[in-house]
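Report on one structure; see the data block that follows.
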Amino acid sequence: MPKKKTELPRKTGKSKEYSFFDDVYDVVRQIPKGRVTSYGAIASYLGTKLSARMVGWAMNGADKVSPKVPAQRVVNRNGMLSGKAHFGTPTRMEELLKKDGVAVKNDTVVDFEKKFWDPAIESV
DNA sequence: GCATTGACGAAGG
DNA sequence: CCCTTCGCCAATG
C-alpha cells in the first residue's frame, strides 16, 4: 500500500511525477484476477473518496504507464463498464474481463457484488 | 486566467 | 424509486 501524499504533485511539474495517479495504478494492479472494484473504493482507500472522478481520470493514463494497469477491472459503483469506450475498441474491456473469468452482460459485470474487491479489506 | 468537462458518487427532489 | 444536482480535483480549451 502506497503512502498517501497530502500533496498532489502535478506531473506537469519539474522533477517528480509521483502523484495520486501512481497510487491508483498500484492499487489497481493489486486487484486479483477474476475480481473487480470500483473507482469509489479506490478513491476511498486512498483517502480521496470525495474525488472518485480523479481515479477515473488517473486511469486515463493507465495505458501509458509502465506495466499497463488492468483498468478493465475497475468499473463504476454500478458495475457498469463505464470506461469501455476508452479501450480503443468497444469490446476490448469485455474481452479482458472475460479472460479474467468475469462475466459481462450488457456492459455490466455479472455478480458484481460477489466479484467486488475492496483494497482496504483484502489488500494485504 | 476563467470556464467547461470528465472512466464517479452521494444526496436531494 | 427514478431523475436531477452538487461536489471534488485536475486537465484542457
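We name chains A, B, ... by the order of the sequence lines, and we start the count at 1 in each one.
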To the nearest Å, how far apart are A:M80 CE and B:dA7 P?
-> 12 Å
Grab the CZ-P distance between A:F116 and B:dC8 for me, whole Å please.
-> 15 Å
Between C:dC8, C:dA10, B:dA7, which nucleotide gets closest to the side-chain atoms of A:H86?
-> B:dA7
Side chain of A:A71: nearest nucleotide among C:dC8, B:dA7, B:dG6?
-> B:dA7
By nearest-heavy-atom nucleotide on DNA chain B, the more 5' of A:W57 and A:G40 is A:W57
When we call it a touch if two heavy atoms are under 4.0 Å apart, what does A:A58 touch: a base, just sugar-phosphate, or nothing?
-> nothing
May I have the distance from A:I31 (atom CD1) to B:dA7 (atom P), rounded to whole angstrom?
-> 19 Å
May I ask you to verify whether the side chain of A:R53 and the base of C:dC8 hold a donor-acceptor pair under 3.5 Å?
-> yes
Minimum-distance nucleotide (side-chain atoms of A:S82 versus B:dC8, C:dC9, C:dA11) | B:dC8
Proximity to the side chain of A:Y39 - top-ranked nucleotide from C:dA10, C:dC8, B:dG9 = B:dG9
Taking the side chain of A:N76 as its heavy atoms from C-beta onward, which of B:dC8, B:dA7, B:dA10 lies nearest to it?
-> B:dC8
Starting from C1' on B:dG6, measure out to CG on A:N60 and report it in whole angstrom.
-> 9 Å
Do A:T108 side-chain atoms and A:N106 backbone N/O form a donor-acceptor pair below 3.5 Å?
-> yes
Quick one: which of C:dC8, B:dA7, B:dC8 gets closest to the side chain of A:M59?
-> B:dA7
